[in-house]
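Because only heavy atoms are used, hydrogens play no part in the values below, and waters and symmetry mates are left out as well, while side chains stay in. Since the structure is predicted, the reported quantities are computational estimates derived from the model, not experimental observations.
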Amino acid sequence: KAGVTQTPRYLIKTRGQQVTLSCSPISGHRSVSWYQQTPGQGLQFLFEYFSETQRNKGNFPGRFSGRQFSNSRSEMNVSTLELGDSALYLCASSFGSGVRDIQYFGAGTRLSVL
Amino acid sequence: KQEVTQIPAALSVPEGENLVLNCSFTDSAIYNLQWFRQDPGKGLTSLLLIQSSQREQTSGRLNASLDKSSGRSTLYIAASQPGDSATYLCAASHYYSGNTPLVFGKGTRLSVIA
């Protein structure tokens, strides 16, 4: 069974640009969560999608948005990039609730904002 | 607001030693607690999940315990090997809807010296 796939693995952008990251969950999983990981703040929750609906949202500005498609694949978008958005962005999938079920993580997308 | 703390931030041990990693959380109303492993530049690998009704879980040389009343979890690694070198993160999940699915500690970076 294929694991969680995140694309691209690496991205370099400049301030003010926007970026879209993609996550394909494990087959059969309906929940996708996104996290931002930085050396200073650690892992912080961005949002969770379940059956195309945003179920939970973390404390991030509106520049961070996401969506989930009918095949459970998810995308995350960051508009008007800032230097502080440089981070490893991790996606996790689970069969049901991200609260109850084991979450399986992808390898992440490393975003560098110059 | 839940806070998860892991002490120490880094640990270095000789090969073969048994060791304990600590995780504490401020809100005992958790649904479960997960331990993850992260290798440099990689995503997270789930090691063990302990439901709130359980006291411990075991997988091979790993044993995780949970004491909700004291807000603590430990990960015991027996007979450590150089391949165990990684960052270990614990994460607590909450039952209440609308909350962050997982709140992470900042991790303990483990080095096992051959």
Asks: How about A:Gln54 and A:Gln68: does a side-chain donor come under 3.5 Å of a side-chain acceptor?
Replies: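 Per modelled atom types, A:Gln54 and A:Gln68 side chains form no pair under 3.5 Å.
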Asks: Check A:Trp34 against A:Leu21 and note the closest heavy-atom contact, atom names and distance.
Replies: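 What the structure gives for the nearest pair is CH2-O, 3.9 Å.
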Asks: Using distance alone, with no hydrogens and no angle criterion, decide if B:Gln34 and B:Ser93 have a side-chain donor and acceptor under 3.5 Å apart.
Replies: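 No, no side-chain donor-acceptor contact under 3.5 Å.
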Asks: Which residues, numbered in order, of residues 46-56 of chain B come under 4.5 angstrom of chain A by heavy-atom distance?
Replies: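 From residues 46-56 of chain B, the residues near chain A are B:Ser46, B:Leu49, B:Gln51.
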Asks: When the ring planes of A:Phe95 and A:His29 are compared, do they come out parallel, tilted or perpendicular, using 30° and 60° as the limits?
Replies: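 Correct class here is perpendicular.
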Asks: Would you indicate whether the side-chain heavy atoms of A:Leu46 and A:Tyr35 approach each other to under 4.5 Å?
Replies: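 No; the side chains remain at least 4.5 Å from each other.
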Asks: Residue by residue, which of residues 13-20 of chain A have a heavy atom closer than 4.5 Å to a heavy atom belonging to chain B?
Replies: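 Heavy-atom contacts from residues 13-20 of chain A to chain B are absent.
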Asks: Using a 3.5 Å distance criterion without hydrogens, assess whether the side chain of B:Thr87 forms a donor-acceptor pair with backbone atoms of B:Thr108.
Replies: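 The answer is no, because no donor-acceptor pair under 3.5 Å joins these two groups.
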Asks: Considering only heavy atoms, which portion of A:Gln41 lies under 4.5 Å from any heavy atom of chain B: side chain, backbone, both, or neither?
Replies: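 Answer is backbone: N, CA, C or O of A:Gln41 sit under 4.5 Å from chain B.
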Asks: So do B:Ile77 and B:Leu110 actually touch side chain to side chain, heavy atoms under 4.5 Å?
Replies: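 A side-chain contact exists here, since the closest heavy-atom pair is under 4.5 Å.
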Asks: Side-chain donor-acceptor pair under 3.5 Å between B:Thr74 and B:Ser65, yes or no?
Replies: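 Checked: B:Thr74/B:Ser65 side chains pair up, N/O donor to acceptor below 3.5 Å.
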Asks: Just by distance, no angles: are the side chains of B:Asp27 and B:Gln2 close enough, under 3.5 Å, to form a donor-acceptor pair?
Replies: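 The answer is no; no qualifying pair exists.
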Asks: Between A:Arg73 and A:Ser22, does any side-chain donor sit less than 3.5 Å from a side-chain acceptor?
Replies: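 A:Arg73 vs A:Ser22: donor-acceptor pair found between side chains.
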Asks: Give every residue pair that meets the side-chain hydrogen bond (donor to acceptor under 3.5 Å, both in side chains) criterion with at least one member in residues 79-92 of chain A, sequence neighbours excluded.
Replies: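 For residues 79-92 of chain A: A:Gln36-A:Tyr89, A:Arg63-A:Asp85.
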Asks: Answer with side chain, backbone, both or neither: which region of A:Leu43 has an atom nearer than 4.5 Å to a non-hydrogen atom of chain B?
Replies: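 The answer is both parts of A:Leu43.
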Asks: Take the angle between the ring planes of B:Phe104 and B:Phe36 and call it parallel below 30°, perpendicular above 60°, tilted in between.
Replies: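 Ring orientation of B:Phe104 relative to B:Phe36: tilted.
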Asks: Tell me the residues of residues 105-114 of chain A whose non-hydrogen atoms fall below 4.5 Å from those of chain B, in number order.
Replies: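 Result: A:Phe105, A:Gly106, A:Ala107, A:Arg110.
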Asks: Answer with yes or no after comparing the ring centroid distance for A:Tyr49 and A:Phe47 against a 6.0 Å cut-off, counting only values under it.
Replies: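 Centroid distance A:Tyr49-A:Phe47: below 6.0 Å, so yes.
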Asks: When you check the side-chain N and O atoms of B:Ser80 and B:Glu15, is any donor under 3.5 Å from an acceptor?
Replies: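 There is no such pair (donor and acceptor under 3.5 Å, judged by atom type) between the side chains of B:Ser80 and B:Glu15.
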